[in-house]
Amino acid sequence: MEDQKKLAEFQEKIDADIKIEPRDWMPEKYRQNLIRQISQHAHSEIIGMQPEKNWLTRAPSIRAKKILMAKIQDEAGHGLYLYCAAETLGVKREQVLNLLHEGKAKYSSVFNYPTISWADMGAIGWLVDGAAIVNQVSLQGTSYGPYSRAMVKICMEESFHQRQGYEIVVTLAKGTPEQKQMAQDALNRWWWPSVMMFGPHDAESAHSNQSLKWKIKRESNDELRQRFIDKTIHQGEILGLTFPDPDLKWNESTGHYDYGEIDWDEFWNVVKGNGPGNKQRLKHHIEAHENGKWVREAAIAYADKLNSKTKTA
Amino acid sequence: MGLNTFKMKNHNLYQYCLQLGDTSFILSHRIAEYCSKAPHLEEDLAITNVGLDLLGQAESFLKYAAEIKGDGTSEDDLAFKRKEKDFKSIHLCEVPNFDYALILVRQFLMDIYNNLLFNELSESKDAIINGISKKSIKEIRYHLQRSKDWMIRLGQGTEESNQKIQYALDTLWMYTNELFYDSSAEIELEKEGIAVLSSSLETEWRKKTKEIIVEAGLVVPENQPHSMQYGKDGIHTEYLGYLLAEMQHLPLLYPDAKW
């Protein structure tokens with residue numbers, strides 16, 4: 001009975017757009033759902049460092065290198081806020097990292113695709129970050145306070161990332177024929193994975209309904225996907241680039257772009273771990289974590305020594 | 001000043017800016033290689049900050065070098081289209097990232113050095129070097145604070161961490177001699193109050209490093225010059241060629257492209 005009453009009060013707060021804070025009562029499923037979503041988001045940020053880091057040592061100008069390095073650093077920072085936001089729900093960073101390493105926690109599948117040319121740095125910023133922003137702007141209104149506040153800060157930096165990526169694409173599209181081809185090739189490879197970032201269609205989305213009711217998510221996968229497509233097409237066309245979707249066309253009556261069928265077989269294949277980079281990305285993270293074990297242990301040992309000194313002093 | 005004297009002075013200034021710029025540039029590249037591999041997220045953020053600062057310093061010096069060269073060369077041309085023998089980076093910065101201990105110790109040795117060097121260069125009579133150094137020294141003080149804290153933390157942490165840091169110190173120590181080798185450019189420019197003689201920093205460097213190494217519970221290695229040929233003269237370690245092959249790959253493959 002008590003729980004029913006609490007649940008009703010909880011829903012009232014949600015409906016009135018009052019943020020839920022760490023010490024507030026919340027249904028266990030709400031907590032679990034948030035832990036899953038926030039840690040998944042955090043993992044995406046840190047795994048997402050790898051495909052970009054792959055070109056950091058080959059960035060072709062000092063300016064490009066500085067910007068890319070700062071961008072990857074921002075992503076580490078985003079991961080950090082998000083792990084901290086998850087900690088407010090009672091789960092330690094080490095725990096969620098273990099789940100990642102055991103293959104039990106997911107991250108955005110888009111980061112399992114390889115980055116094989118410099119133009120991919122443009123495509124990731126323009127399309128992948130562009131898609132992420134659409135989702136994250138929406139999440140600024142999420143019902144959980146710490147997550148919502150993390151999103152506000154993250155969105156500011158993400159919009160810089162998106163511009164940085166688009167700038168690379170613009171430079172290439174206006175460059176030599178080879179550079180323009182590089183940009184087109186990157187668009188061909190990154191377009192569909194970016195469209196898929198919003199997840200399954202609404203009818204097939206496992207976690208969506210409850211998440212919407214609790215305002216963990218504010219808009220559905222398909223609504224967000226449509227917004228991303230609508231805002232991106234013009235940005236590509238103005239550069240003379242072609243999107244790899246023959247069914248893409250402006251629909252006067254809906255006021256949106258129609259788009260072709262998504263290859264869900266590929267989507268589920270990558271989600272299930274058969275993507276080209278899944279094993280590689282995870283292995284990289286596990287190795288870095290294991291190689292750093294002695295450093296973390298030593299830092300703790302040193303802190304303990306300092307603490308015991310202060311106690312005896 | 002006669003035309004020849006002017007040319008010589010510019011030649012020396014150009015070489016000196018390369019020496020300063022290349023050293024920061026190569027070290028920042030090594031840090032870039034380490035991106036996403038740090039022991040924890042906070043350290044990934046912190047060390048990347050150091051790398052970004054170094055990259056900014058390198059950019060300023062290379063830009064100035066390009067200006068002095070005055071033939072339309074850009075800082076990117078110097079960074080991405082110069083041959084290995086024309087680089088003036090010092091050997092210590094070229095050493096690859098073996099593990100976190102080596103990365104930390106390399107940084108610590110350089111931070112102490114840069115702290116002394118840029119402090120002096122903040123008084124340089126060359127307005128540009130003076131300006132870059134005044135900006136850089138603020139960053140370098142933070143770098144040194146960070147690497148010093150980690151040296152003590154890991155030196156005093158566990159037996160394993162102490163051994164790893166000691167091993168890194170022993171491995172890298174032979175490269176530290178070059179820090180105090182006076183290049184011909186700096187010998188000439190020092191007379192005009194523009195440059196600092198590297199050898200003049202040695203006593204203070206040895207004193208400061210020793211203090212921290214001892215506080216960390218570590219042993220200062222024996223001095224052992226490893227080479228009479230130095231990066232400041234354009235003679236490099238075997239490591240640099242691979243680094244440049246990777247770093248310069250795109251601009252060399254597409255020489256007409258702008259990025």
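Just so we're on the same page: letters track the sequence lines, and every chain starts at 1.
Counting heavy-atom neighbours within 6.0 Å of B:Y167 OH, excluding the residue itself, gives a total of 12 or less. For A:K174, the NZ atom is loosely surrounded, since the number of other residues' heavy atoms within 6.0 Å does not exceed 12. By the neighbour-count criterion of 12 heavy atoms within 6.0 Å, atom CD of B:E238 is sparsely surrounded, having that number or fewer from other residues, nucleotides or ligands. Heavy atoms from other residues, nucleotides or ligands lying under 6.0 Å from CD of B:E159 number 12 at most. Residue-environment remark: NZ (B:K63) stays at or below the threshold of 12 foreign heavy atoms within 6.0 Å.
Only the side chain of A:K305 comes within contact range of chain B, with at least one heavy atom under 4.5 Å from a heavy atom of that chain. Of the atoms belonging to B:A58, not a single heavy atom falls under 4.5 Å from chain A. Contact annotation for A:L56: only side-chain heavy atoms (C-beta onward) come within less than 4.5 Å of a heavy atom of chain B. Within the 4.5 angstrom heavy-atom criterion, atoms from both the backbone and the side chain of A:K65 approach chain B. Contact of B:I152 with chain A is made through backbone and side chain together, with heavy-atom distances under 4.5 Å. The parts of B:N49 that come within reach of chain A are both its backbone and its side chain, each placing non-hydrogen atoms under 4.5 angstrom from that chain. Residue contact with chain B, scored on non-hydrogen atoms closer than 4.5 Å, is absent for A:I168. The contact between A:L172 and chain B is made entirely by side chain atoms (from C-beta outward), counting heavy-atom distances below 4.5 Å. Using a 4.5 Å cut-off between heavy atoms, B:S74 does not touch chain A at all. For A:H284, the part lying near chain B is the side chain, with the backbone staying farther off; criterion is any non-hydrogen pair under 4.5 Å. Heavy atoms closer than 4.5 Å to chain B are found nowhere in A:A64, neither backbone nor side chain. Heavy atoms of A:E178 lying under 4.5 Å from chain B belong exclusively to its side chain. At a 4.5 Å heavy-atom cutoff, A:A303 makes no contact with chain B through either its backbone or its side chain. Of the two parts of B:A79, only the side chain, counted from C-beta on, holds a non-hydrogen atom closer than 4.5 Å to a non-hydrogen atom of chain A. At a 4.5 Å heavy-atom cutoff, the contact between A:L80 and chain B is made by backbone and side-chain atoms alike. Heavy atoms closer than 4.5 Å to chain B are found in the side chain of A:T176, but not in its backbone.
For the pair A:R189 (side chain) and A:T115 (backbone), a donor-acceptor distance under 3.5 Å is absent. Put simply, the side chain of B:E94 never gets that close to the backbone of B:Y239: no donor and acceptor are under 3.5 Å apart.
Ring geometry, B:Y254 versus B:W259: the interplanar angle exceeds 60°, so the pair is classed perpendicular (tilted spans 30 to 60°). The aromatic rings of B:W150 and B:Y100 lie perpendicular to each other, with more than 60° between the two planes, well past the 30° mark. Using cut-offs of 30° and 60° on the angle between ring planes, the pair B:F80 and B:F25 is perpendicular. Between B:H91 and B:Y175, the ring-plane angle classifies as perpendicular under the 30° and 60° cut-offs.
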Start with the C-alpha gap between B:K135 and B:E139, add the side-chain angles, then the distance that decides, and say whether salt bridge (Lys or Arg N to Asp or Glu O under 4.0 Å) holds.
CA-CA 7 Å; B:K135 180 175 179 286; B:E139 299 165 344; 3.4 Å; yes

Take A:R163 and A:E167 through the salt bridge (Lys or Arg N to Asp or Glu O under 4.0 Å) test and state the conclusion after the steps.
CA-CA 6 Å; A:R163 285 202 293 275; A:E167 187 194 82; over 6 Å; no

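Contact count versus chain A (heavy atoms, under 4.5 Å) is highest, among B:K164, B:M247, B:K258, B:Q248, for B:K164. When each of A:T57, A:T171, A:L68, A:V295 is checked for heavy-atom pairs under 4.5 Å with chain B, A:T57 comes out on top. Counting heavy-atom pairs closer than 4.5 Å to chain A, the top residue among B:H249, B:E75, B:E33, B:H29 is B:H29. The candidate with the highest count of non-hydrogen atom pairs below 4.5 Å against chain A, out of B:L41, B:L250, B:L252, B:I31, is B:L41. For chain A, the option among B:E42, B:H40, B:E43 with the highest count of heavy-atom pairs below 4.5 Å is B:E42. Annotation: maximal heavy-atom pairing with chain B below 4.5 Å, among A:A298, A:A70, A:P60, A:S61, occurs at A:P60. Comparing A:E52, A:M182, A:H285, A:H289 by heavy-atom pairs within less than 4.5 Å of chain B, the highest count is held by A:M182. Listed options A:R58, A:M49, A:M69 were ranked by heavy-atom pairs under 4.5 angstrom with chain B; first place goes to A:M69. Taking chain B as the reference chain and counting heavy-atom pairs below 4.5 Å, the highest number among A:R93, A:R63, A:E297, A:Q50 is found for A:R93.
When each of B:K88, B:R82, B:K85 is checked for a salt bridge (Lys or Arg N to Asp or Glu O under 4.0 Å) with B:D22, only B:R82 meets the rule.
Between the side chains of A:Q184 and A:N188, at least one donor N or O sits under 3.5 Å from an acceptor N or O.
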